[in-house]
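Quick notes on the structure that follows.
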Amino acid sequence: NNTQSSLEKFKTELDAALISKAYKNPKVYTSEEIQAKKMLNYKRNFDASFFYSPLVFFGPKLNSTSHVVGTYGLSFRKSLSSQTAVLLNFNMGSKKPDKSAIMQQVQSNQKGNIYSFVLFGGELMFRYYDNPDKPLRLFTSFGFGMYSMTNIRIKIKSTGVSAKTNENSYYTPVLDAGLEYRLSPVVKVNGSVPLRYFINKSDNSVNTFAMGINIGI
């Protein structure tokens with residue numbers, strides 16, 4: 001209905017609508033509000049990290065050589081809310097047989113034993129953070145894991161070399177507490193003190209308590 005009269009009527013209605021509309025100035029956000037909004041977005045991210053954690057055992061040792069086992073692994077974290085998250089950790093530690101030492105003992109006809117081990121396990125943990133709006137945050141966690149320890153004994157004999165292995169499985173309740181610092185929206189570092197109790201599936205007499213220092217990025 002494109003006539004001059006209809007266009008004039010439309011212009012009149014449009015002018016009236018624009019004049020009656022109340023416009024407001026855009027809201028000005030403070031730096032604190034902007035930072036809080038950024039932190040809220042950061043907390044929704046899914047995180048993957050690498051960590052290193054030497055463990056000290058205060059009881060029966062899991063391996064055949066030392067009360068200290070150096071472990072390393074990967075951790076995956078998903079936030080449940082602004083202050084809570086769930087984590088899945090994969091942890092491993094090992095000591096490889098010294099091939100040169102074995103050859104030297106065999107060539108010199110020296111009898112003895114050489115020990116090595118492999119420790120592997122995983123944990124599912126729930127974590128709580130004290131402050132959702134600060135780059136530096138304190139956290140505490142608790143969870144449950146399962147571990148497997150394989151001990152290898154290589155015996156040097158006058159007639160040759162033989163190897164013997166034994167494997168133990170463990171249920172492992174775990175607690176930890178520490179600090180996390182956000183260097184940027186995508187990079188964080190953390191340090192914590194994990195406490196683990198290794199419950200042997202087949203022999204409760206060799207249950208052992210472990211404490212460590214966990215450094216991750």
Side-chain angles (χ1 to χ4, degrees), residues 31-58 61-63 65-96 98 116-150 169-199 208-217:
S31 58
E32 290 79 8
E33 289 173 327
I34 295 174
Q35 180 66 15
K37 183 63 176 179
K38 288 182 178 179
M39 294 299 293
L40 179 61
N41 292 331
Y42 300 159
K43 289 193 288 284
R44 293 170 179 164
N45 290 346
F46 176 81
D47 295 335
S49 63
F50 174 81
F51 63 88
Y52 175 73
S53 179
L55 298 177
V56 181
F57 295 93
F58 299 90
K61 53 190 177 183
L62 299 185
N63 63 325
T65 58
S66 172
H67 281 283
V68 181
V69 173
T71 64
Y72 56 90
L74 293 173
S75 179
F76 303 94
R77 189 195 75 159
K78 182 66 178 72
S79 295
L80 301 177
S81 69
S82 62
Q83 290 183 266
T84 58
V86 63
L87 292 89
L88 182 62
N89 300 329
F90 295 99
N91 213 346
M92 180 178 181
S94 63
K95 179 184 178 183
K96 296 182 179 180
D98 190 338
S116 63
F117 65 86
V118 177
L119 173 67
F120 180 79
E123 300 164 343
L124 183 64
M125 301 184 67
F126 176 82
R127 178 165 291 179
Y128 175 80
Y129 294 89
D130 71 325
N131 195 320
D133 299 322
K134 299 295 183 181
L136 181 63
R137 302 196 290 174
L138 175 68
F139 62 81
T140 57
S141 315
F142 67 90
F144 189 80
M146 296 184 68
Y147 280 82
S148 175
M149 169 63 83
T150 301
S169 298
Y170 300 88
Y171 299 115
T172 312
V174 57
L175 297 171
D176 80 339
L179 289 170
E180 175 186 276
Y181 183 69
R182 188 180 299 276
L183 298 175
S184 75
V186 295
V187 179
K188 295 177 294 184
V189 294
N190 63 73
S192 65
V193 178
L195 306 175
R196 293 180 176 90
Y197 187 65
F198 289 83
I199 303 173
T208 186
F209 172 75
M211 183 175 71
I213 299 176
N214 191 325
I215 304 297
I217 182 169

Tyr171 side chain near Met146 side chain, heavy-atom distance below 4.5 Å:
yes
Under the 3.5 angstrom rule, does the side chain of Gln83 hit a backbone N or O of Tyr128 as a donor-acceptor pair?
no
Apply side-chain contact (heavy atoms from CB on, under 4.5 Å) to Val69 and list each qualifying residue two or more places apart in sequence or on a separate chain.
Phe57, Asn63, Thr71, Phe117, Leu119
Atom pair OG (Ser75) and CG (Asp47), whose distance is rounded to the nearest 0.5 Å:
8.5 Å
Hits for side-chain contact (heavy atoms from CB on, under 4.5 Å) against Phe209, two or more places apart or cross-chain, chain-then-number order -> Phe58, Leu195, Tyr197, Met211
With rounding to the nearest 0.5 angstrom, report the CZ to CG distance, Arg182 to Asn190.
11.5 Å
Side chain proximity check, Arg137 to Lys188, heavy atoms < 4.5 angstrom:
no
May I ask you to test the Phe51-Asn91 pair for a side-chain heavy-atom distance under 4.5 Å?
yes
At what distance, to the nearest 0.5 angstrom, does OG of Ser169 lie from CD1 of Ile199?
13.0 Å
Hits for ring-ring contact (aromatic ring centres under 6.0 Å, His included) against Phe126, two or more places apart or cross-chain, chain-then-number order -> Phe142
Going by salt bridge (charged side-chain N to carboxylate O under 4.0 Å, His left out), name the pairs with one or both residues in residues 118-127, residues two or more places apart or in two chains.
Glu123-Arg196, Arg127-Asp176
Can a donor-acceptor pair be found, under 3.5 Å and without considering hydrogens, that links the side chain of Ser192 to the backbone of Pro194?
no
CG of Asn89 to CG of Asn214, rounded to nearest 0.5 Å, is 7.5 Å
ring-ring contact (aromatic ring centres under 6.0 Å, His included) against Tyr170, all qualifying residues, sequence neighbours excluded:
Phe198
Tyr52 meets the side-chain contact (heavy atoms from CB on, under 4.5 Å) criterion, sequence neighbours left out, with Pro54, Tyr72
